[in-house]
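Basis for what follows: all heavy atoms, side chains included, without hydrogens, waters or symmetry-related copies. FYI, the numbering just counts along the sequence from 1.
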Amino acid sequence: MKRHTPTKNNNDKIKLIRKGSKLKECYIIRYADDLKIMCRTRDEAERMFMSVKLWLKERLNLEISPEKSKITNLRKKPSEFLGFSIKAVVKGIKRVANSRIKPTAVMKIIAKGKELIKKIQKNPTTKNISLYNSYVLGTQNYYRIATHCNLDFSKIGYCLDRIIKIRWKSFTTNKGSPSKIYLEKYKGYDRQKTYINSSIIFPMSACKTKNAMCFSKKVNKFTPKGRKLIHKQIESISDFEFIYLTKNPVTKRSIEYNDNRISLFSAQSGKCGVLGERLEVNDFHCHHIIPINAGGDDKYSNLVIISPEIHRVIHATKADTIHQILAKLELSKKQIAKVNKFRVKVGNIVI
């Protein structure tokens, strides 16, 4: 959802138009086919509503939804948009937007949370716990831009956390080691933690408001500087990648391994530990520096994120296979030295 931020020059233009024009002032907020048009008076809103309705019918042959389309005085009643409820409230000498999660969305979040909790109750596996945790993070990431989201998440969290603590007394504990992801996302949250099979449960109620920032016009694909800024943005792990990794743990591996796998992908900015190239979230390997069968473990310090090709060349023993991979990768001396370092650790000769 893109929001326009007026500059000094724009403000001057707006003032001139207000004085010398009979045009009606309005602000349009649009996301896909959902839109809001903000007007100053009821009369302007009614005229705008009729104009838009006719324009959509005559130009695009589209009918508006009578249930969803209406005129609302934001000073008296809230209006719903993209799962949020927005109202104009007095703050000092002006009015500001007061936003919350809309009531129907709150009920849907609770219902989905209960469904995932039942899955864990029937089968408390790492995957089911990860699915619940990723749902918590995804919901918080979307709704945290609401100014009063903490009130709604307190209500949601009370319902879900209560189910976990009361119904699951037989297999929950408050002792364990929180994952690095938990410590990063819930820094400063000091309430009692809940663990199931040594895996921490993310608290739905622990969500604070985050200001919705405007998009920068400098970031675009049409200028060298804009493209450089895009590349800089994708160097780090995105929320989508984090949620994907949480939802798709490596089966038959320990919780420690899967937690450290996500932490390493984030710490390495999604780049291969040898090539330095950005890896796809669904196409990378997490390598044990010292193999499990040689006394290695799933600790953070014994793991590294690498590309599938690099992983193959580390473990390869046949000369033909090694030459084939090296010819494809065209490694530098420094990169070959890194590969050899890993090969020695797994008991292979240098190349």
A.B. asks: Once rounded to the nearest 0.5 Å, what's the spacing between atom SG of Cys272 and atom CD1 of Ile306?
C.D. replies: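 The CD1 atom of Ile306 is 6.5 Å from SG of Cys272, to the nearest 0.5 Å.
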
A.B. asks: Side-chain atoms of residues 48-55: list all donor-acceptor pairs with protein atoms under 3.5 Å, sequence neighbours left out, distances to 0.1 Å.
C.D. replies:
from  : atom 1 : to    : atom 2 : distance (Å)
Ser51 : OG     : Arg47 : O      : 2.9

A.B. asks: When rounded to the nearest 0.5 angstrom, what is the spacing between CG in Asn258 and CD in Glu256?
C.D. replies: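 Separation between the atoms: 10.5 Å.
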
A.B. asks: Salt bridge or not between Glu63 and Lys57? Use side-chain N to carboxylate O under 4.0 Å.
C.D. replies: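 Yes, charged N to carboxylate O under 4.0 Å.
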
A.B. asks: Which donor-acceptor pairs under 3.5 Å do side chains of residues 319-329 form with protein atoms, sequence neighbours excluded?
C.D. replies:
none

A.B. asks: Atom SG of Cys286 and atom CG of Asn260: how far apart are they, to the nearest 0.5 Å?
C.D. replies: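 So the SG of Cys286 and the CG of Asn260 are separated by 8.0 Å.
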
A.B. asks: Enumerate, atom names and distances included, each donor-acceptor pair closer than 3.5 Å involving a side-chain atom of residues 338-351, sequence neighbours excluded.
C.D. replies:
from   : atom 1 : to     : atom 2 : distance (Å)
Asn340 : OD1    : Ile351 : N      : 2.7
Asn340 : ND2    : Ile336 : O      : 3.3
Asn340 : ND2    : Ile351 : O      : 3.2
Arg343 : NE     : Ile349 : O      : 2.7
Arg343 : NH1    : Val313 : O      : 2.7
Arg343 : NH1    : Ile314 : O      : 3.4
Arg343 : NH1    : Ala316 : O      : 2.8
Arg343 : NH2    : Ala316 : O      : 3.3
Arg343 : NH2    : Ile349 : O      : 3.0
Asn348 : ND2    : Ile314 : O      : 2.9

A.B. asks: Using salt bridge (Lys or Arg N to Asp or Glu O under 4.0 Å), reason through Glu241 and Arg278 one step at a time and then give a plain yes or no.
C.D. replies: CA-CA 13 Å; Glu241 289 174 311; Arg278 189 63 159 83; 2.9 Å; yes

A.B. asks: Taking ring pair (Phe, Tyr, Trp, His ring centres under 6.0 Å) as the test, write out the residues that go with Tyr182, two or more places apart.
C.D. replies: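 Checked Tyr182 against ring pair (Phe, Tyr, Trp, His ring centres under 6.0 Å); matches are Tyr186, Phe202.
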
A.B. asks: Roughly how far, to the nearest 0.5 Å, is OG of Ser130 from NZ of Lys247?
C.D. replies: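 Lys247 atom NZ to Ser130 atom OG measures 11.5 Å (nearest 0.5 Å).
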
A.B. asks: Could you tell me whether the side chain of Tyr189 and the main chain of Ser205 form a donor-acceptor pair under 3.5 Å?
C.D. replies: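 It does not hold such a pair.
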
A.B. asks: Run the salt-bridge test on Arg42 and Glu46 with the 4.0 Å N-O cut-off and return the result as yes or no.
C.D. replies: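 Counted as a salt bridge, because a side-chain N and a carboxylate O are separated by less than 4.0 Å.
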
A.B. asks: Do side-chain atoms of Asp152 reach the backbone of Arg100 as a donor and acceptor pair under 3.5 angstrom?
C.D. replies: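 Absent.
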
A.B. asks: Please step through side chain to side chain contact (heavy atoms under 4.5 Å, CB included) for the pair Thr209 and Arg144, ending with a clear verdict.
C.D. replies: CA-CA 5 Å; Thr209 300; Arg144 63 183 175 174; over 6 Å; no

A.B. asks: Throw together a table of side-chain donor-acceptor distances under 3.5 angstrom for residues 71-96, partners on residues two or more places apart or in other chains.
C.D. replies:
from  : atom 1 : to    : atom 2 : distance (Å)
Asn73 : OD1    : Arg75 : N      : 3.0
Ser79 : OG     : Lys36 : NZ     : 2.5

A.B. asks: Quick one: list whatever passes side chain to side chain donor-acceptor pair (under 3.5 Å) with Asp298, sequence neighbours left out.
C.D. replies: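 Partners of Asp298 under the side chain to side chain donor-acceptor pair (under 3.5 Å) test: Ser254, His288.
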
A.B. asks: Drop me the distance from Ile290's CD1 to Ile292's CD1, to the nearest 0.5 angstrom.
C.D. replies: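 Reported value, rounded in 0.5 Å steps: 10.0 Å.
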
A.B. asks: To the nearest 0.5 Å, what is the distance between CD1 on Ile101 and NZ on Lys155?
C.D. replies: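 Ile101 CD1 to Lys155 NZ: 10.0 Å, rounded to 0.5 Å.
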
A.B. asks: State plainly whether the residues Lys271 and Glu280 are in salt-bridge range, i.e. N to O under 4.0 Å.
C.D. replies: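 Looking at Lys271 and Glu280, the cut-off is not met.
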
A.B. asks: For Gly113 and Tyr132, which heavy atoms make the closest approach, and how far apart are they?
C.D. replies: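 Where Gly113 meets Tyr132 most closely, the heavy atoms are O-CE1, 4.0 Å.
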
